[in-house]
Amino acid sequence: MTKPKHPTARSIRTGQTIYQVCCYYDRGYVPFIGSVTVGSKSTPDPSRGDRASTASPRYLRRALSGMDPWLRMYLFYSPRRAETFRKQLEKQR
């Protein structure tokens, strides 16, 4: 069985890194890549509004299960796929 292209609530595991393509709108449309590492069960949950570099699997599963399906298209396991998607968004500007 192959790993899915986009993370789902059931597919994340401790130690993985999830890459998210985000966009700034301050000075135009500027896409960038952020990453979150899946920590252990004892990793504290980030506060609301904080930029998390590590989060617990429970916190990420809750976030992914409540996320709209079209937003999951911006999440990747592979940094190379995230970079390719970022470049595609940049070309659409």
Side-chain angles (χ1 to χ4, degrees):
M1 184 166 95
T2 61
K3 188 193 283 190
K5 183 177 178 181
H6 304 284
T8 61
R10 296 185 75 190
S11 67
I12 61 171
R13 302 284 181 260
T14 300
Q16 290 177 328
T17 301
I18 297 173
Y19 300 92
Q20 180 181 17
V21 180
C22 307
C23 297
Y24 280 130
Y25 291 104
D26 295 343
R27 288 162 275 165
Y29 183 72
V30 182
F32 68 96
I33 299 174
S35 64
V36 175
T37 302
V38 182
S40 66
K41 291 180 182 179
S42 62
T43 304
D45 292 344
S47 300
R48 186 175 193 128
D50 286 348
R51 186 173 175 111
S53 60
T54 305
S56 67
R58 181 181 53 81
Y59 177 82
L60 290 172
R61 283 189 182 106
R62 256 194 340 236
L64 286 171
S65 64
M67 191 178 280
D68 287 335
W70 67 271
L71 279 174
R72 284 191 214 128
M73 300 297 291
Y74 289 79
L75 299 173
F76 297 91
Y77 283 118
S78 166
R80 192 170 71 201
R81 284 187 178 174
E83 182 63 27
T84 302
F85 188 70
R86 184 196 66 79
K87 287 178 183 177
Q88 289 174 354
L89 286 178
E90 207 167 69
K91 286 181 184 177
Q92 291 178 1
R93 293 197 307 165

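We use all heavy atoms of the structure for the numbers below, so side chains are in, but hydrogens, waters and symmetry mates are not.
- Ion pair Glu83/Arg86 flagged as a salt bridge, since at least one NZ, NE, NH1 or NH2 atom sits closer than 4.0 Å to an Asp/Glu carboxylate oxygen.
- A donor-acceptor pair is defined here as one N or O able to donate and one able to accept, closer than 3.5 Å; such a pair exists between the side chain of Thr84 and the backbone of Arg80.
- A heavy-atom distance below 4.5 Å is not found between the side chains of Lys41 and Arg58.
- Looking only at distances, a side-chain donor or acceptor of Arg72 sits under 3.5 Å from a matching main-chain atom of Met67.
- Nearest heavy-atom pair, Ile12 versus Pro57, reported as atom, atom and distance to 0.1 Å: CD1-O, 3.8 Å.
- Annotation for Thr17 and Ser35: closest pair CG2-CB, 3.9 Å, computed over non-hydrogen atoms.
- Panel note: side chain Arg13, backbone Arg10; a donor-acceptor pair is recorded below 3.5 Å.
- Between Phe76 and His6, the ring planes lie tilted relative to each other; the angle falls in the 30° to 60° range.
- Here Tyr59 contributes atom OH and Leu64 contributes atom CG; the two are 10.5 Å apart, rounded to the nearest 0.5 Å.
- To the nearest 0.5 Å, the span separating CD1 on Ile33 from CZ on Arg81 amounts to 13.5 Å.
- Rounded to the nearest 0.5 Å, atoms OH (Tyr77) and CD1 (Ile18) are 6.0 Å apart.
- Across all non-hydrogen atoms, the minimal contact from Pro79 to Tyr19 is CD-CE1, 3.5 Å.
- Of all heavy-atom pairs spanning Leu89 and Cys23, the tightest one is CD1-SG, 4.4 Å.
- Asp45 is listed as a side-chain neighbour of Arg62, based on a closest heavy-atom distance under 4.5 Å.
- Gln16 and Ser11 get closest at one heavy-atom pair: OE1-O, 3.7 Å.
- Considering CG of Leu75 and CD of Gln20, their distance stands at 5.0 Å, rounded to 0.5 Å.
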